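Written out below as C-alpha cells is the structure these notes cover.
The structure displayed is predicted, hence computed values, not measured ones.
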Amino acid sequence: KGGIMMLNENLLFEICIHKVQLSIPEVVTILGISTYKVYKLIRSNQLHAYRSPGEKCWHIPAWAIKEYLQKQADSKNS
C-alpha cells in the first residue's frame with residue numbers, strides 16, 4: 001500500500017493517499033496547517049500545484065505532498 005509520513009507537532013503518522021491529486025482543504029487537513037500557509041507554500045514553489053485551464057481551484061499531486069514532507073523531515077534531521 002502507498003503511504004507517506006506526516007510530521008505534525010513532533011509526532012510521526014503514516015497515512016495512505018489513494019488519490020492522484022488533492023484539493024487545498026485536503027492538503028490543509030493532511031499537513032495540519034492553515035489554508036493561507038498552503039497557498040504560501042505554492043506561491044514560494046515549496047509545494048507543487050497546478051490549475052487546469054479555465055479552473056480557479058488548485059490541484060496538488062499526491063507525490064508533491066510526499067516530496068514536501070520528506071524535505072521537511074530532512075531539514076529537521078540535519
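No continuous path of hydrophobic side-chain contacts links Leu69 to Trp63 [ILVMFWY only; heavy atoms under 4.5 Å].
Tyr68 places a side-chain heavy atom less than 4.5 Å from the side chain of Leu31.
Nearest heavy-atom pair, Val28 versus Ile33, reported as atom, atom and distance to 0.1 Å: CG1-O, 3.0 Å.
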May I have the list of side-chain donor-acceptor pairs in residues 42-52 shorter than 3.5 Å, sequence neighbours left out?
unit_1: Ser44; atom_1: OG; unit_2: Lys40; atom_2: O; d: 3.0
unit_1: Ser44; atom_1: OG; unit_2: Leu41; atom_2: O; d: 3.2
unit_1: Ser44; atom_1: OG; unit_2: Gln46; atom_2: NE2; d: 2.9
unit_1: Tyr50; atom_1: OH; unit_2: Gln21; atom_2: OE1; d: 2.3

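The salt bridge (charged side-chain N to carboxylate O under 4.0 Å, His left out) pairs that include a residue from residues 24-36 are Lys19-Glu26, where partners are two or more places apart or lie in different chains.
Rounding to the nearest 0.5 angstrom, the gap separating the CD1 atom in Ile60 from the CD1 atom in Ile24 is 3.5 Å.
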